[in-house]
A.B. asks: 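After the structure tokens below, expect a handful of questions from me.
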Amino acid sequence: TMRFSSSQKNIRRQKGNKIQKLSKPKPKKETSFYQWYLQCCTVRPYLTKGITAGIIAALGDVIDQYIETSSITGNDHHQIWNFVQLINVPRLVAFWTCGTIFTGPFVHIWYRTVGQIGEWCHQQIPSMRYRQQVFVQVVVDQSIGVFLFFPLYLIVYDMLETIWMRGQFPSFNQAMT
């Protein structure tokens with residue numbers, strides 16, 4: 001049974017006679033990092049997936065900047081300090097921010113919606129096989145999902161890059177050029 005505490009607004013789940021608090025996941029000594037991460041994805045999915053997407057985007061940008069500077073300068077960056085000095089920090093922060101505030105939450109909402117489409121197919125068309133249901137979900141994901149995600153991502157990233165690189169909020173005229 002799910003209920004809200006009036007004083008703390010914490011979500012609680014009743015298990016037998018015990019009430020388990022779900023608001024602050026903490027790793028236990030016997031709990032693996034993976035189990036703790038899954039618990040975080042259940043308790044705070046937007047925050048967890050946002051931070052995860054931000055970290056992945058930032059790591060991807062660091063790798064990209066490493067490859068770019070290696071090909072431009074001809075330097076193989078044997079000394080890591082040389083590469084660290086060349087990192088474009090505003091660009092890195094723009095990628096991290098875009099992953100955190102857009103990509104993680106968008107992907108969570110989108111795949112929850114795709115899952116609901118699968119449930120709807122199962123309920124409305126009981127004769128539909130599981131493979132057909134998955135096919136419908138993949139077609140929706142790879143058509144509508146791509147159509148929604150990439151233009152929105154480019155708009156959000158461009159705005160964030162403008163904010164971090166130039167220190168100003170973009171105007172509508174800048175966005176259209």
A.B. asks: Would you confirm whether the ring centroid of F106 sits within less than 6.0 angstrom of the ring centroid of Y111?
C.D. replies: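 No - the distance between ring centres of Y111 and F106 does not fall below the 6.0 Å cut-off.
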A.B. asks: Which atom names give the shortest non-hydrogen contact between V136 and M128, and what distance separates them?
C.D. replies: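 Smallest heavy-atom distance, with atoms named: CG2-CE, 4.2 Å.
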A.B. asks: Taking atom CD of Q133 and atom SG of C121, what is their separation to the nearest 0.5 Å?
C.D. replies: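 The CD atom of Q133 sits 6.0 Å away from the SG atom of C121.
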A.B. asks: Taking the inter-plane angle between the rings of W36 and F33 on a 0 to 90° scale, is it parallel (under 30°), tilted (30 to 60°) or perpendicular (over 60°)?
C.D. replies: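 Aromatic pair W36/F33 classed tilted.
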A.B. asks: Restricting to non-hydrogen atoms, name the atom on P105 and the atom on T100 that form the minimum distance, rounded to 0.1 Å.
C.D. replies: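 Residues P105 and T100, closest heavy atoms: CD-O, 3.4 Å.
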A.B. asks: Minimum heavy-atom separation for C41 to T48, with atom names?
C.D. replies: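 What the structure gives for the nearest pair is SG-CG2, 3.7 Å.
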A.B. asks: With rounding to the nearest 0.5 Å, note down the distance linking CD1 in I109 to OH in Y46.
C.D. replies: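 Those atoms lie 4.5 Å apart.
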A.B. asks: Name the residue from F150, Y157, F149 that meets the ring pair (Phe, Tyr, Trp, His ring centres under 6.0 Å) definition with F102.
C.D. replies: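 Of the listed residues F150, Y157, F149, the ring pair (Phe, Tyr, Trp, His ring centres under 6.0 Å) partner of F102 is F149.
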A.B. asks: Working to the nearest 0.5 Å, report the span between CD1 of I117 and CG of D141.
C.D. replies: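 The CD1 atom of I117 sits 9.0 Å away from the CG atom of D141.
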A.B. asks: Output the distance between atom CD (Q39) and atom CZ (R44), rounded to the nearest 0.5 Å.
C.D. replies: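 Going from CD on Q39 over to CZ on R44, the span is 10.5 Å.
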A.B. asks: Between CG of D64 and CG of L59, what distance do you get to the nearest 0.5 Å?
C.D. replies: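 These two atoms lie 12.5 Å from each other.
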A.B. asks: Quick one: SG on C40 to NZ on K49, what's the gap to the nearest 0.5 Å?
C.D. replies: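 With rounding to 0.5 Å, SG (C40) is 12.0 Å from NZ (K49).
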A.B. asks: Give me the atom names and distance for the closest heavy-atom approach of H108 to P45.
C.D. replies: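 Looking at all heavy atoms of both residues, the shortest contact is CE1-CB, 3.4 Å.
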A.B. asks: Looking only at non-hydrogen atoms, find the nearest pair between G99 and A57 and report the distance.
C.D. replies: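 Minimum heavy-atom separation between G99 and A57: CA-CB, 4.5 Å.
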A.B. asks: Would you say R129 has more than 12 foreign heavy atoms packed within less than 6.0 Å of its CZ?
C.D. replies: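 It does not: R129 CZ has 12 such atoms or fewer within range.
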A.B. asks: Can W96 and D61 be counted as having a side-chain donor-acceptor contact under 3.5 angstrom?
C.D. replies: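 No - no donor-acceptor pair under 3.5 Å links their side chains.
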A.B. asks: Connecting only ILVMFWY residues whose side-chain heavy atoms lie within less than 4.5 Å of each other, what is the rest of V139's hydrophobic cluster?
C.D. replies: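 V139 shares its hydrophobic cluster with F135.
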A.B. asks: Distance only, no hydrogens: is a donor on one side chain within 3.5 Å (strictly under) of an acceptor on the other, for T52 and Y37?
C.D. replies: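 The criterion, which ignores hydrogens and geometry beyond distance, is satisfied for Y37 and T52.
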A.B. asks: Through direct or indirect side-chain contacts below 4.5 angstrom among Ile, Leu, Val, Met, Phe, Trp and Tyr, which residues connect to V138?
C.D. replies: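 Members other than V138 - counting any ILVMFWY side chain reachable under 4.5 Å - are Y130, V134.
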A.B. asks: Check whether F147 and Y153 end up in the same hydrophobic cluster, where Ile, Leu, Val, Met, Phe, Trp and Tyr are linked by side-chain heavy atoms less than 4.5 Å apart.
C.D. replies: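 No; tracing contacts between hydrophobic side chains, which count when under 4.5 Å, never links both residues.
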